Amino acid sequence: MSHNPAFGTGGGMNKTHRIVVIGAGITGLSAACRLTGLGAERGLPLDVTVLEGRERAGGVISTRQSGGFLAEEGPDSFLKSKPEALSLSIKAGLEPDIIGISGESGRVFIVRNGAMIPLPDGIFPAPTSMAALFNSQLLSMRGKLRMTLEPFLPRGDSRGDESAASFIRRRFGREAYERIGEPLLTGIYAGDPETLSVRAALPALVKMEEEYGSVARGMRRNGAAGGGSKDGGGGGRFATFGRGMGTLINALASGLPGNSLRLKSRVKRIEPAGRGFRIHLNGGNPLECDAVIVALPAPQASLITGGIDLGLSESLSRIKYVSTAVINLGYGRSAVTHTLTGSGFVVPSSEHLPVLACTFSSVKFAGRSPDDAVLLRVISGGAQNPDICSEDDGQLIKLAHGALSPILGIKSEPVYSLVSRNPESMPHYAVGHGALVARIMETASAYPGLRLAGNAYGGVGVPDCVRSGEEAAEDIFSYIARRGTRDEGNKSRRRA
Ligand SMILES: Cc1cc2nc3c(=O)[nH]c(=O)nc-3n(C[C@H](O)[C@H](O)[C@H](O)COP(=O)(O)OP(=O)(O)OC[C@H]3O[C@@H](n4cnc5c(N)ncnc54)[C@H](O)[C@@H]3O)c2cc1C
């Protein structure tokens, strides 16, 4: 039971309800903004508090500017086809700041035998253009022919889950997996595709197999890109901001009322307290609230939810995360021999390089480097290199520079560098992820004022996190509104 009279037990529609959001990454900020907006629209007084452990908001989203370089420490853009991040940006008044991929730079390369080979549109996940497939240097003739057999193969067993690696091998052959599927999936998820759930990571492909008996047939019927390549569909699919992804975080944080956002407020434990919750912080008095949204990666959510439900905490701990390091390197333009006509490259594990992917940031987006320089963003770590975050800056710069130099023909040392570590930042949706998430959500639903949101559950991208945060906010708002109406009714009956 709440001890604070402001949000005590007997309140009605006029009482201010306190809702705590834990975590000020994009998920928590989206949830807080949606709650604040709903409260104002529907005339329900809400006191929304966002508790963030670090000294800044944004979580893995962070943009740094120095010496004419604008470097992203986490995501550099978001998909427009999942509309939530774009809509939120527009609502936040950022439409004039939104930029897309520059010119023709949407093309992605795959490294093969130390050289970059373009991944043409129309060959992956399923070959929809025979000309593109047979002209590509990515696969052998045998590998290409095997891909064309896909429409004639029987459907798989639609009841269960399987790994993304097994699905791609089964439908398109071993070569298509090793030379295209594996590097693209590791470039996006940083995890091991051999244990990555195909239902969680590539749901559109599973659906096409189920509905049309073939991914290629499904893609032709839908006229869709299907979802496999990070950038493969051309320049129009991704958006960011002229001054980087941090723009969205700043706009959302500054749009919250006065003292809503409390930085350096790490939550240690949550416990049920009457009809609400008590939140214990690393320092200071506990907070009482009517409802709470836990907008944290699953390992952190697991650590603080044991006081509510040990089973919930244990299930959350089973969603594993991988760590990544992002190394931004700036070079004088003349120091890089390669033309850099694309958005970047991904690297198959068979190349045995210490990097998963590299974005040509200053080619992909305007304003990322001085005119006479280039900015390259290297992602390293993941399942292949779990200890990446313990390497020191010098070592990580050396690793990244050493890996890029022969591929891009780099002739001198970087003139700019920024090393960023993202420990346990990327969820690895293992086979059976859907069933595990269903169990987690069912357990959590026993606590009506509790919602879980974030990249652990239904998608890792920025738009998925926005959607997850906003949906949690809408659920909590309905719960609070229903509770307020019920309390008001009880009060009237008592008075009568
Ligand atoms: C290197 C990298 C590149 C990526 N690239 C892209 C991309 O290009 N496009 C895309 O769409 N997606 C990308 N993603 C995925 C996407 O960025 C993330 O899934 C998303 O930003 C996660 O947001 P979040 O708010 O759920 O979690 P986080 O950003 O992890 O935020 C969680 C917040 O909670 C705080 N916190 C943790 N524990 C506590 C506690 N106990 N008490 C209080 N606060 C706490 C943390 O300090 C943090 O601020 C990328 C991810 C990474 C790591």
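Not measured: the values here are computed from a predicted model. In listed order, ligands and their atoms are each counted from 1. What's counted below: heavy atoms across the whole structure, side chains too, no hydrogens, waters or symmetry copies.
When atom types are taken as modelled, the side chain of T63 and the backbone of G246 share a donor-acceptor pair closer than 3.5 angstrom. At least one donor-acceptor pair under 3.5 Å links the side chain of Y189 to the backbone N or O of A201. Proximity of a side-chain donor or acceptor of S102 to a complementary backbone N or O of K364 within less than 3.5 Å is detected.
Contacts between L303 and ligand 1, counted as non-hydrogen atom pairs separated by less than 4.0 Å, are absent for every part of the residue. When heavy-atom distances to ligand 1 are checked against a 4.0 Å cut-off, T27 comes that close through both its backbone and its side chain. With a 4.0 Å heavy-atom cut-off, ligand 1 is reached by the backbone of P75 and by its side chain too.
Considering backbone and side-chain atoms alike, V267 places an N or O below 3.5 Å from some N or O of ligand 1. Remark: ligand 1 and R56 share no N or O pair separated by less than 3.5 Å (distance only, no angle test). Below 3.5 Å of separation, one finds an N or O of S77 facing an N or O of ligand 1. At least one N or O atom of V462, backbone or side chain, sits closer than 3.5 Å to an N or O atom of ligand 1. Residue E52 has at least one N or O atom closer than 3.5 Å to an N or O atom of ligand 1. When only interatomic distances are considered, the shortest N/O to N/O separation between A295 and ligand 1 does not fall below 3.5 Å. Between I26 and ligand 1, at least one pair of N/O atoms sits closer than 3.5 Å. Residue N422 places no N or O, backbone or side chain, under 3.5 Å from any N or O of ligand 1. In terms of N/O distances under 3.5 Å, ligand 1 is not approached by S425. Between V460 and ligand 1, at least one N/O pair is under 3.5 Å apart.
A salt bridge is absent between D97 and R243: the closest approach of a Lys/Arg side-chain nitrogen to an acidic carboxylate oxygen does not fall below 4.0 angstrom.
Proximity annotation for atom 39 (C) of ligand 1: of K264, M426, R266, R262, R266 comes nearest, heavy atoms only. For the residues L296, I61, N455, the heavy atom positioned nearest atom 22 (C) of ligand 1 is part of N455.
Annotation for Y177 and P193: closest pair OH-CB, 3.3 Å, computed over non-hydrogen atoms. Here the closest non-hydrogen pair linking P297 and N455 is CA-OD1, 4.4 Å. When all heavy atoms are compared, the tightest approach of P463 to F78 is CD-CB, 4.0 Å. Taking each heavy atom of A92 and A251 in turn, the nearest pair found is CB-CB, 4.2 Å.
The aromatic rings of F360 and F345 lie perpendicular to each other, with more than 60° between the two planes, well past the 30° mark.
Those atoms of ligand 1 that come under 4.0 Å of a heavy atom in S265, given as number and element, are 43 (C). Within ligand 1, counting atoms from 1 as listed, the ones closer than 4.0 Å to a heavy atom of G53 are 43 (C), 44 (N), 45 (C). Taking every heavy atom of V326 and a limit of under 4.0 angstrom, the matching atoms of ligand 1 come to 1 (C).
The stretch residues 416-441 participates, sequence neighbours left out, in these salt bridge (Lys or Arg N to Asp or Glu O under 4.0 Å) pairs: D393-R421.
Among residues two or more places apart in sequence or in another chain, the side chain to side chain donor-acceptor pair (under 3.5 Å) test is passed with S420 by E73.
Look at A453 and you'll find every heavy atom at least 4.0 Å from all atoms of ligand 1.
When ring centroids are compared, H401 and Y331 come within the 6.0 Å threshold.
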